[in-house]
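Since we're looking at a predicted model, the values are computed, not measured. Chain identifiers are assigned alphabetically (A, B, ...) following the order of the sequence lines, protein sequences preceding nucleic acid strands; residue numbering begins at 1 within each chain.
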Protein chains: 2
Amino acid sequence: MNEQECEQQRWQAAERLALVLNAGGLQRMSARVLAVFLFTGAETVTMGDIADRLSVSAGSVSGAVKTLLSTGLIERLPAPGSRREHYRLREDAWPTLFSTQNTVVHVMLQATQAGMAATSSGDPAHHRLGRMRDFYEFLLEELPGLLRRWQGRQEVT
Amino acid sequence: MNEQECEQQRWQAAERLALVLNAGGLQRMSARVLAVFLFTGAETVTMGDIADRLSVSAGSVSGAVKTLLSTGLIERLPAPGSRREHYRLREDAWPTLFSTQNTVVHVMLQATQAGMAATSSGDPAHHRLGRMRDFYEFLLEELPGLLRRWQGRQEVT
DNA sequence: GCTAAAGTTCGGAAATTTCTGAAGTCTTAC
DNA sequence: GTAAGACTTCAGAAATTTCCGAACTTTAGC
C-alpha cells in the first residue's frame, strides 16, 4: 500500500466516522470537522486547514468550530503570536461528549414529572410515566460511578 | 383544578416530552406517537385514536407505528377478533430504547478501527483514534452490568 | 363473494435544516 | 497608521427531512 492509497483510506474512514457521529446527535458539519481533528496527521490544525480539507466555506468552519469549542470537544491553543489560531482535540473529548449527551436525560425526567403531576395515581398513564422515571433516574445514578471507573483506569496507564 | 384543565396539562406535557425524545434521536412523528402511548389514559390505543389525538394523517401514523414496532418500543396486542388493531407501550420500552441507542457505539468502534488501520503507529491520528477506541470499548464493557443491575432492582419490587 | 372499514404505500408539497458567499470586524505586521 | 489576512456574521439559496393525501391492498362481517 503506497502513501497515496493510505491517505485516501484515511479520509474515507474520516468521512465514515463523521456519518456515525452525525447519527449520534452531532450536526453534520460539526461531525465532519470533528473527524478532521481526529484524523489529521498534524498535532494541531487551523480553520484554513479544515476548510481546505473538507472543501467547505470559511463560514461553515467558523460555525462548527464555535460549537465544538462550546461543547468542550476541542480547545484553542495559547497562540504563540501567530496569525492563525490553532486548535486541537481535547484529551477528554469522548467522556465529555458522552456526558453532554446525557443532559437529555435530565430534561426527560422533568417532562415525566410534569406528566405525573397532571395525572391521578389511578390513571394508566401515571403508572407508565412512573416506570419511565424510575429507569432514567437509575441511569443518572449510575453515571458518576461509570465515569469514575473510567478515570481510575486512565490513571493506571 | 377541574378535569378539562388536567387534560390540557396532560397533553401539553406529552408534547413537551415528544420534543425531548425528538432531540434524543427519534424522528419527530415517532416521538409524538410514542408520547401518546405514554400519556393516554387507556390501556391500549388504535391507529385511529392516535390520528385523532394528534390531528395527523393516517399515513403518518402508520409510518411511525411501524418504526416503533421495529425498534421494540410498542407491541401489537393479540387482537381478539377486532376490526382495529390495538397497540400499547412495551413494559421494557426504556431499557430497549437505551440499548438501541448504544448500537451507534458499535459502528463508531468499527470506524475507529478502520482509521487505525489506515494510519501508522507514529501518526498522531493513530494515537487519538486509539484513545477514542479505548473509551467506547470501556462503555460497551460496562453496558451489560448496567442492564443487569437494572433488572435486579426490578425483581426486588 | 361483496362491501366497507382499516391500514399501507408512495409521489410530491411544505417546512425545516444546512451551507454558502459576500460584507463586515478584528488583529497582526510593517 | 495602514494594509492585508483571518475570522465572524447573516441573509438567502440549496438540500434534506417530514408530512399529507390519494390510490391501493387487506381483512372482517355479512
Side-chain angles (χ1 to χ4, degrees), chain A residues 14-15 17-37 40 42 44-71 73-88 104, chain B residues 14-15 17-37 40 42 44-71 73-88 104:
Chain A
E15 288 291 349
L17 183 58
L19 288 178
V20 183
L21 291 168
N22 188 213
L26 283 180
Q27 305 274 5
R28 180 178 173 71
M29 185 59 75
S30 296
R32 295 186 71 201
V33 170
L34 188 56
V36 173
F37 277 101
T40 180
T44 68
V45 291
T46 67
M47 290 195 177
D49 295 338
I50 299 169
D52 289 348
R53 160 101 316 264
L54 298 177
S55 303
V56 297
S57 73
S60 301
V61 175
S62 176
V65 165
K66 188 178 173 182
T67 303
L68 294 175
L69 277 174
S70 74
T71 52
L73 295 177
I74 63 174
E75 61 192 345
R76 177 187 296 176
L77 294 176
S82 164
R83 194 63 166 278
R84 299 173 159 207
E85 306 281 2
H86 281 252
Y87 302 87
R88 73 174 169 204
V104 176
Chain B
E15 287 291 350
L17 183 57
L19 288 178
V20 183
L21 290 168
N22 187 214
L26 283 179
Q27 306 273 7
R28 178 178 177 69
M29 185 60 73
S30 297
R32 294 187 71 201
V33 170
L34 187 57
V36 172
F37 277 102
T40 181
T44 68
V45 291
T46 68
M47 288 196 177
D49 296 338
I50 298 168
D52 289 347
R53 159 101 318 260
L54 298 178
S55 304
V56 297
S57 74
S60 301
V61 176
S62 176
V65 165
K66 188 178 173 183
T67 303
L68 294 175
L69 276 174
S70 75
T71 53
L73 295 178
I74 63 175
E75 61 193 344
R76 178 186 296 178
L77 293 176
S82 164
R83 195 61 168 280
R84 299 173 159 209
E85 306 281 0
H86 282 251
Y87 302 88
R88 72 173 170 205
V104 174

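- Partners of Asp49(A) by side chain to side chain donor-acceptor pair (under 3.5 Å), not counting sequence neighbours, listed by chain and number: Thr46(A).
- Relative to the axis of its first five pairs, the axis of the last five pairs of the helix from dG1(C)-dC30(D) to dC30(C)-dG1(D) sits at 30°, rounded to 10 degrees.
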Would you tabulate the nitrogen or oxygen pairs shorter than 3.5 Å linking the protein to nucleotides 20-26 of chain D?
{"residue": "dC20(D)", "atom": "OP2", "partner": "Ser57(B)", "partner atom": "N", "Å": "3.4"}
{"residue": "dC20(D)", "atom": "OP2", "partner": "Ser60(B)", "partner atom": "OG", "Å": "2.5"}

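- In this structure, the side chain of Ser70(B) engages the main chain of Thr67(B) through a donor-acceptor pair within 3.5 Å.
- Atom pair Leu54(A):CG and dT18(C):P shows a separation of 16 Å (rounding to whole Å applied).
- The stretch residues 23-35 of chain A participates, sequence neighbours left out, in these salt bridge (charged side-chain N to carboxylate O under 4.0 Å, His left out) pairs: Glu15(A)-Arg32(A).
- Side-chain proximity of Ser62(A) to dG7(C), dT8(D), dC7(D): nearest is dT8(D).
- Rounded to a whole Å, the NZ atom of Lys66(B) is 8 Å from the C1' atom of dT8(C).
- The distance between atom CG of Leu26(A) and atom C1' of dT18(C), rounded to the nearest whole Å, is 15 Å.
- Note that CG of Leu34(A) and CD of Gln27(A) are 13.0 Å apart. Values are rounded to the nearest 0.5 Å.
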Atom pairs under 3.5 Å: protein N/O with N/O of nucleotides 12-17 of chain C:
none

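- When each of dT18(C), dG7(C), dC7(D) is scored by its nearest atom to the side-chain atoms of Arg84(A), the top-ranked nucleotide is dC7(D).
- Here dC26(C) presents its P atom at 15 Å from CZ of Arg76(A), a figure rounded to the nearest Å.
- Every residue two or more places apart in sequence or in another chain that forms a side chain to side chain contact (heavy atoms under 4.5 Å, CB included) with Leu69(A) is listed here: Val65(A), Ile74(A), Tyr87(A).
- Checking the phosphate oxygens (OP1, OP2) of dC19(D), a side-chain nitrogen or oxygen of Arg28(B) falls inside 4.0 Å.
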